[in-house]
Structure formats: C-alpha cells, structure tokens
Amino acid sequence: MTVVKDSGSRAALPPFGEEHEELRESARRFIEREIAPHVDEWEDAREFPRDLYRRCGELGFLGLKFPEEYGGQGGTHLHDAVWVEELARCGDSGGVSAGLNAHTSIAMPPVFGFGSEEQRQRWVVPGIRGEKIGALGITEPGAGSDVASIRTHARPVDGGYVVNGAKTFITNGVRADFLVCACKTTEEGGHHGLSFLVLESDMPGYQVSRKLEKMGWHASDTGELSFTDVEVPDENLLGEENGGFYLIMANFAWERLLMAIGAVGAMQRLVARSIEYAQERDAFGRPIGRFQAIRHKIAAMGTKAEVARALTYDALRLFQSIQDGTGSGISQSDVIRQVTMAKLFTQRGLVEIADDALQIHGGYGYMREYGIERALRDARLGPIGGGTDEVMKEILGKQMGL
Ligand SMILES: Cc1cc2nc3c(=O)[nH]c(=O)nc-3n(C[C@H](O)[C@H](O)[C@H](O)COP(=O)(O)OP(=O)(O)OC[C@H]3O[C@@H](n4cnc5c(N)ncnc54)[C@H](O)[C@@H]3O)c2cc1C
C-alpha cells in the first residue's frame with residue numbers, strides 16, 4: 001500500500017535528488033495553504049485571480065528553470081517538474097495548473113529559447129515576476145492537429161508585419177498580455193512558411209472575441225482571438241522568419257512532458273483518496289475496501305499510476321540529460337519516443353483512474369463537493385490537448401518504421 005499511498009516522506013526517486021525534494025516540500029506547503037482552499041471559489045468564478053501569478057512569481061515558482069540574471073531561480077526542468085507535479089497533486093484543479101503552466105511552460109520557453117536579449121527582457125523578465133502573462137497561440141478554428149494548415153497570415157511590410165487571422169482554444173487567451181503566435185509568413189503551403197510573432201494585447205486590431213465555456217478546467221480562461229490588420233514590428237519576430245515549425249516542435253516536447261508529469265501527480269492523489277474512502281465507507285457491514293471488486297480496482301489503479309510515474313520520470317531523465325549535455329548515446333529521437341509514450345499513456349490513464357475513483361466514491365463521487373467529478377472532467381482534456389492520442393500514436397508508429 002505504501003507504494004502508491006505516498007505520505008510525502010518518500011525518498012527521492014531518480015531523476016530527482018534531495019534538493020528537488022526540498023523544493024517539493026515548500027511547493028506543497030504553499031499550494032496547500034494558498035491555492036487548495038480557494039479552488040472551489042475560483043472554479044465558480046471561471047478564473048483564478050491574476051494576483052496568483054504575482055504571488056507565485058514573488059515566491060520564485062514561475063522562474064524555477066530560468067537563470068538568476070533574468071530573475072529566475074537558476075534551476076533546471078527538473079525543478080519545474082516538481083512544481084507541476086505538486087500543483088496537480090495537491091492543487092485539486094486542472095484549470096489552475098493549466099493557467100499557470102501555460103504561462104511558464106509553453107509561452108515563456110520559446111521567448112527565452114529563441115528570443116533575443118531584448119525580447120527576453122521585455123517578456124521573460126516580467127513574466128517570471130508574474131507581472132506580464134503569456135499565452136501560446138497555435139490552434140485555429142480550422143487548424144488543430146494539422147499545424148501546417150494554419151491560416152493566420154503575417155504580411156511583411158516595411159519595418160514589420162501586418163497580421164490578420166484568428167486563434168482558438170488559447171489557454172490564458174483572455175487575459176494574456178502577450179501571445180506567442182504562429183503565423184504564415186509566406187504564401188507557400190506546408191511547414192516551411194511559419195513564423196512566430198509576439199503579439200501584444202494592446203496592439204490595435206488585436207481582439208479577444210470570446211471566452212469559451214468548457215467541460216472542465218473551469219478555473220482557467222480559454223480564449224478565441226481575432227487579429228485585424230495588427231501592425232507588429234520586426235523586433236517582435238521570434239527566431240528566424242519561416243523557422244517557426246522548428247520552434248513548435250521544440251516546444252512540444254516540454255509541453256507534453258509536463259502534461260504527463262501533471263497527470264502523474266493527479267493519479268497519485270486519486271489513488272490515495274480512493275484508498276482512504278475505501279477504508280472509511282461502510283456497506284453491508286464492512287468497509288468497501290474489503291470487497292474484492294473494490295480492492296482489485298484500487299490495486300489496478302495503483303499499478304497504472306506507478307507505471308505512469310516510471311515511464312514519465314524516465315522520459316524526464318532523457319529530456320534533462322539532453323538539456324544539460326550529459327546524455328551521451330541518447331538521441332533526440334529517443335527523447336521524442338519516450339515523451340510521446342508518456343503523454344499517451346498518462347493522459348488516457350488519468351481519465352481511467354479518475355473514472356475508477358468516481359465509481360469507488362459512488363454517489364458522493366458524482367457530487368461537486370468531493371472534487372472527484374472535477375478530476376474526471378479536468379482529466380478529459382489530456383487525450384486532446386498538446387497533441388491528441390491519435391497524433392501521439394502516429395508519431396510512435398512512424399518512429400517504428402510503419
Ligand atoms: C481546453 C483547451 C486548451 C487548449 N490550449 C491551447 C493553447 O493554449 N494553445 C494552442 O495553440 N492550442 C490549445 N488547445 C488546442 C489543442 O492543442 C487542440 O485542440 C488539439 O491539438 C487538437 O486539435 P483540434 O481540436 O483542432 O482537433 P482536430 O485536429 O480537428 O482533430 C479531431 C479528431 O481527429 C483526429 N485526427 C486528426 N488528425 C489525425 C490523424 N492524422 N490521424 C488520426 N486521427 C487524426 C484527432 O485525433 C481528433 O480525434 C487547447 C485545447 C483545449 C480544448
């Protein structure tokens with residue numbers, strides 16, 4: 001039982017070491033004190049307060065993997081992974097995790113990785129402080145999995161670009177101050193004419209057309225955006241013109257890995273809660289955990305959670321070894337394979353575990369106050385967002401030479 005019911009005192013599992021476990025403890029304390037008690041209210045309000053970014057920034061949680069000279073903590077992706085796992089494990093809201101993570105882990109990294117020094121100062125430094133909020137805009141009404149069919153167009157003009165088009169399903173889309181936005185910069189089809197421009201929400205012609213209502217992730221905002229003749233100066237181009245597809249691919253690895261890590265945290269919590277409930281809830285004169293059907297279900301849930309953790313931590317180890325140059329013999333394609341498998345396994349696995357947890361909780365599981373129904377609703381995004389299950393299988397199939 002102790003294998004799956006972590007009490008928080010377990011020894012560090014590779015690739016984590018003692019310093020990561022110290023961070024884990026402080027992240028957990030902060031989340032339990034300042035996030036978890038407010039989650040219900042934020043879910044009802046359909047957003048968490050903007051101040052939460054500032055508070056997380058003040059405590060250093062938004063800049064864990066960024067260098068100190070930019071106001072970060074000088075850590076690695078492993079530090080970020082601890083934060084993401086803990087947010088999912090004790091934060092109890094996919095929406096809060098999504099809103100914070102979209103900013104730190106999918107919007108800021110391309111600016112940091114591909115941006116100039118000036119661009120880092122403009123968006124990463126205030127982003128780490130939680131003063132400016134970022135979003136990543138790739139998906140469009142007519143282009144999701146098929147990224148190459150993006151139609152938002154940036155027409156080169158003297159000194160910059162004029163952007164026209166629309167984006168949808170953008171996490172933080174409503175309140176983002178800056179949008180790292182994929183645009184077509186040539187008329188040619190395919191992957192090669194994509195570039196990334198940083199659009200700022202106060203640019204004339206930039207409009208939030210809708211805040212979308214959705215099944216889960218209620219505490220996060222998901223926006224639909226439209227751009228009408230938005231004038232974007234040259235200094236807002238990220239990286240090379242027409243080199244945007246490479247940026248998308250580079251970003252996907254971390255986005256998918258962090259989704260897997262978040263799912264690992266959420267699975268652990270659901271297994272632990274199911275064990276507790278099965279011990280407390282009586283039916284027919286005994287705790288329901290004494291019925292073989294329930295006991296076996298929890299045993300299978302715990303096994304799935306452990307497999308998910310082992311696969312995800314292994315993907316994280318490979319990913320980090322490439323980042324810090326210690327991965328001799330490890331190729332980029334090894335990382336992609338492991339990250340893709342982790343994303344695929346954990347996202348569907350979390351939906352299954354959340355559904356099992358709900359079944360174990362019976363009618364109480366269906367009631368809002370227990371938070372289990374929210375876990376199931378929030379989990380359902382996993383097999384869609386950041387690349388669908390089908391797309392993950394296509395990537396793996398191709399890697400296998402099929
Ligand atoms: C809550 C939420 C938040 C999001 N946040 C962001 C964000 O911040 N930024 C952003 O850019 N995007 C975001 N997205 C978009 C998300 O990445 C896309 O929804 C996802 O990539 C799928 O695209 P689609 O919805 O257009 O589905 P489609 O691509 O239209 O797919 C529809 C179905 O067809 C299947 N399919 C498509 N191609 C193939 C194929 N080759 N083989 C087999 N099956 C296939 C898919 O797997 C799926 O089942 C978000 C989405 C949601 C719901």
Side-chain angles (χ1 to χ4, degrees), residues 43 46-48 93-111 127 133-152 165-184 191 194 196-199 201 208 210-227 238 244-245 247-256 258-259 262-263 340 343-344 347-348 350-351 374 376-399 402:
E43 285 275 314
R46 294 293 193 266
E47 64 183 13
F48 60 84
S93 159
V96 174
S97 295
L100 293 172
N101 295 339
H103 170 62
T104 54
S105 294
I106 65 172
M108 284 204 287
V111 181
I133 298 165
L136 179 72
I138 297 178
T139 307
E140 301 189 352
S145 308
D146 183 10
V147 173
S149 66
I150 279 175
R151 299 177 73 151
T152 293
K167 295 286 169 186
T168 195
F169 304 152
I170 306 306
T171 304
N172 293 345
V174 178
R175 60 177 160 195
D177 300 296
F178 65 94
L179 177 75
V180 178
C181 183
C183 304
K184 286 293 288 180
H191 298 136
L194 280 177
F196 271 84
L197 295 175
V198 181
L199 271 56
S201 59
V208 176
R210 245 180 349 140
K211 180 171 180 173
L212 299 166
E213 280 292 322
K214 49 197 187 295
M215 173 180 179
W217 279 22
H218 286 168
S220 73
D221 90 55
T222 307
E224 193 169 270
L225 307 169
S226 74
F227 317 119
L238 269 191
F245 194 69
L247 185 149
I248 292 180
M249 290 301 123
N251 223 33
F252 266 151
W254 180 240
E255 178 180 1
R256 290 172 182 163
L258 88 87
M259 286 179 75
T340 307
K343 167 37 169 106
L344 177 65
Q347 304 308 298
R348 185 57 65 178
L350 178 58
V351 175
R374 177 161 75 217
L376 179 57
R377 285 188 286 106
D378 287 354
R380 191 58 188 85
L381 190 268
I384 299 169
T388 63
D389 278 3
E390 290 76 13
V391 168
M392 296 304 102
K393 287 175 187 165
E394 281 299 295
I395 295 170
L396 291 168
K398 279 187 193 140
Q399 274 207 339
L402 299 169

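Everything quoted here is computed from the prediction, not taken from an experiment. Counting starts at 1 for both ligands and their atoms, in listed order. Residue numbers count from 1 along this sequence.
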Undergrad: Taking side chain as C-beta onward, heavy atoms only, is Glu224 less than 4.5 Å from Val208?
TA: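 No, side chains not in contact.
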Undergrad: List the steps, then state whether side-chain contact (heavy atoms from CB on, under 4.5 Å) holds for Leu194 with Lys184.
TA: CA-CA 5 Å; Leu194 280 177; Lys184 286 293 288 180; 3.9 Å; yes
Undergrad: Sequence neighbours left out, what passes ring-ring contact (aromatic ring centres under 6.0 Å, His included) with His218? Give chain and number order.
TA: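 Per chain and number, His218 pairs via ring-ring contact (aromatic ring centres under 6.0 Å, His included) with no residue.
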Undergrad: What residues form a salt bridge (Lys or Arg N to Asp or Glu O under 4.0 Å) with Glu140, not counting sequence neighbours?
TA: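 So Glu140 forms a salt bridge (Lys or Arg N to Asp or Glu O under 4.0 Å) with Lys167.
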Undergrad: With the threshold set at 4.0 Å, does a side-chain nitrogen-carboxylate oxygen contact exist between Asp221 and Arg46?
TA: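 No salt bridge links Asp221 with Arg46.
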Undergrad: If you look at each N/O of ligand 1, which protein N/O atoms lie under 3.5 Å away, and at what distance?
TA:
unit_1: ligand 1; atom_1: 5 (N); unit_2: Phe169; atom_2: O; d: 2.7
unit_1: ligand 1; atom_1: 5 (N); unit_2: Thr171; atom_2: OG1; d: 2.8
unit_1: ligand 1; atom_1: 8 (O); unit_2: Thr171; atom_2: N; d: 3.0
unit_1: ligand 1; atom_1: 8 (O); unit_2: Thr171; atom_2: OG1; d: 3.4
unit_1: ligand 1; atom_1: 9 (N); unit_2: Leu136; atom_2: O; d: 2.9
unit_1: ligand 1; atom_1: 11 (O); unit_2: Ile138; atom_2: N; d: 2.9
unit_1: ligand 1; atom_1: 11 (O); unit_2: Thr139; atom_2: N; d: 2.9
unit_1: ligand 1; atom_1: 11 (O); unit_2: Thr139; atom_2: OG1; d: 3.2
unit_1: ligand 1; atom_1: 12 (N); unit_2: Thr139; atom_2: OG1; d: 2.7
unit_1: ligand 1; atom_1: 14 (N); unit_2: Phe169; atom_2: O; d: 3.4
unit_1: ligand 1; atom_1: 23 (O); unit_2: Ser145; atom_2: N; d: 3.4
unit_1: ligand 1; atom_1: 29 (O); unit_2: Ser145; atom_2: N; d: 2.9
unit_1: ligand 1; atom_1: 29 (O); unit_2: Ser145; atom_2: OG; d: 2.6
unit_1: ligand 1; atom_1: 47 (O); unit_2: Thr388; atom_2: OG1; d: 2.7
unit_1: ligand 1; atom_1: 47 (O); unit_2: Glu390; atom_2: OE1; d: 2.7

Undergrad: Run the ring-ring contact (aromatic ring centres under 6.0 Å, His included) test against Phe245 and tell me which residues pass, sequence neighbours left out.
TA: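 Per chain and number, Phe245 pairs via ring-ring contact (aromatic ring centres under 6.0 Å, His included) with His191.
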